[in-house]
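This report concerns only the one structure given below.
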Amino acid sequence: MKSILIIGLGRFGKHMAMKLTELHHEVLAVDQNESRVNEVLPYVTNAQIGDSTNEQFIRSLGVRNFDVCVVAIGDDFQSSLETTALLKDCGAPRVVARAARDVHAKFLLRNGADEVVYPEKETAIRAAVKYSSEHIFDYVELATGFSIYETDVPPEWVGKTVVQLAVRQKSHVSILAVRKDGILSPLPGPDHIFVADERVFMLGADQDVMRLLKR
């Protein structure tokens, strides 16, 4: 269990705070807006109203004691920069900041952010990949050019085993899991026979996976 501070309770911050609590982490949620704080209070460990650009307020939070401090402010970039800098000045061990554009990320990193996330950009890319093909149901980028894809079973795979298809050897794509009737089976063995109503989780270079799925 980790102790996490989230500053900024817009949609991104709110949903992140609620999910982290669901995952059994201790979450302190902070925002200047009282209604936002009251809305998230039932779902987190604690919540406070406060100005994150005020050094005294930031120090009062004891930011050194949090494993991660998340700056989820999305509508005021100046406040995001100031908050990020204050957190590091006050001893926060790890600061993750939200950015909308690359130029924002650059300034956030210069102001002390250890990591920057792009929720809108990442969602847009994920949606673009997902909806670019009727066969792709989900997509997670692991590193530049390498991703996990959830797709239906290619018709030519039906009735064949993992070892017969030799996907890894021929296409440089690894089969991580299959899902049927909502049940996930990780790392199917060499004798697993693919069926038409299965979904497959593939890992590989984007160009290799897309070449494999092009049909």
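Each residue takes its place number in the sequence, starting with 1. As a basis for the values below, the full set of heavy atoms in this structure was taken, side chains included, without hydrogen atoms, waters or symmetry mates.
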Return the orientation label for the F107 and F77 ring planes: parallel under 30°, perpendicular over 60°, tilted otherwise.
perpendicular

Apart from V96 itself, members of its ILVMFWY cluster (side-chain separation under 4.5 Å) are I4, I6, L9, F12, M16, M18, L20, V27, V37, V40, Y43, V44, I49, V68, V70, V117

Cluster membership besides F57, Ile/Leu/Val/Met/Phe/Trp/Tyr side chains within less than 4.5 angstrom, sorted by chain and number, is L5, I7, L28, V30, I58, L61, V63, F66, V71, I73, L86, L87, V95

For Y118 and D102, what are the C-alpha separation, side-chain angles and deciding distance, and is it a side-chain contact (heavy atoms from CB on, under 4.5 Å)?
CA-CA 9 Å; Y118 299 81; D102 288 342; 3.1 Å; yes

Indicate if V158 and L213 have the same hydrophobic cluster label, given that clusters are the connected sets of ILVMFWY residues with side-chain heavy-atom separations under 4.5 angstrom. yes

field: F201 with V140, same ILVMFWY side-chain cluster at under 4.5 Å
entry: yes

Atom pair [atom1]/[atom2] of [X] and [Y] - distance to nearest 0.5 Å:
{"X": "S185", "Y": "E198", "atom1": "OG", "atom2": "CD", "value": "8.0 Å"}
{"X": "Y139", "Y": "I148", "atom1": "OH", "atom2": "CD1", "value": "11.0 Å"}
{"X": "C69", "Y": "R64", "atom1": "SG", "atom2": "CZ", "value": "11.5 Å"}
{"X": "Q48", "Y": "L41", "atom1": "CD", "atom2": "CG", "value": "10.5 Å"}
{"X": "D152", "Y": "F137", "atom1": "CG", "atom2": "CZ", "value": "4.5 Å"}
{"X": "M1", "Y": "L23", "atom1": "CE", "atom2": "CG", "value": "12.5 Å"}

(Q) Are the side chains of V153 and V195 in contact, using a 4.5 Å heavy-atom criterion? (A) no

With side chains defined as the heavy atoms from C-beta onward, is the minimum distance between V200 and Y149 less than 4.5 Å? no

Of I136, D208, L212, the one forming a side chain to side chain contact (heavy atoms under 4.5 Å, CB included) with M202 is L212

Side chain to side chain contact (heavy atoms under 4.5 Å, CB included) with S35: of D31, N33, N38, only one passes, and it is N33

Could you tell me which non-hydrogen atom of [X] sits nearest to which non-hydrogen atom of [Y], and how far apart they are?
{"X": "A105", "Y": "V116", "result": "CB-CG1, 3.7 Å"}
{"X": "T83", "Y": "S52", "result": "OG1-OG, 2.7 Å"}
{"X": "T84", "Y": "A97", "result": "OG1-CB, 4.0 Å"}
{"X": "F194", "Y": "T161", "result": "CE1-C, 4.4 Å"}

Identify every side-chain donor-acceptor pair in residues 167-184 under 3.5 Å, counting partners at least two apart or on other chains, and give the distances.
from	atom 1	to	atom 2	distance (Å)
R179	NH2	E150	OE1	3.2
R179	NH2	E150	OE2	2.6

Contacts of E34 meeting salt bridge (Lys or Arg N to Asp or Glu O under 4.0 Å) (sequence neighbours excluded), chain-then-number -> none

Sorted by chain and number, sequence neighbours left out, salt bridge (Lys or Arg N to Asp or Glu O under 4.0 Å) with R59 holds for E55

*asked:* Does K19 form a side-chain contact (heavy atoms from CB on, under 4.5 Å) with E22? I'd like the steps, not just the answer.
replied: CA-CA 5 Å; K19 186 61 179 180; E22 184 184 318; 3.1 Å; yes

Checklist entry - So, R36 and E39, do they make that salt bridge, N to O below 4.0 Å? => result no

Taken in chain and number order and not counting sequence neighbours, the residues that satisfy side-chain hydrogen bond (donor to acceptor under 3.5 Å, both in side chains) with D51 are T53

Report task. Take D114 and K88 through the test side-chain contact (heavy atoms from CB on, under 4.5 Å) and record every step on the way to the result. Result -> CA-CA 9 Å; D114 298 292; K88 293 306 287 188; 3.0 Å; yes

* For K160, does the NZ atom have more than 12 heavy-atom neighbours from other residues, nucleotides or ligands under 6.0 Å away? -> no

I'd like to know whether E115 forms a side-chain contact (heavy atoms from CB on, under 4.5 Å) with R94, so could you lay out the CA-CA distance, the side-chain angles of the two residues, the decisive distance to 0.1 Å, and finally the verdict.
CA-CA 8 Å; E115 187 177 344; R94 185 181 179 195; 2.7 Å; yes

Check: S80 side chain, D76 main-chain N or O, donor-acceptor pair, under 3.5 Å: no

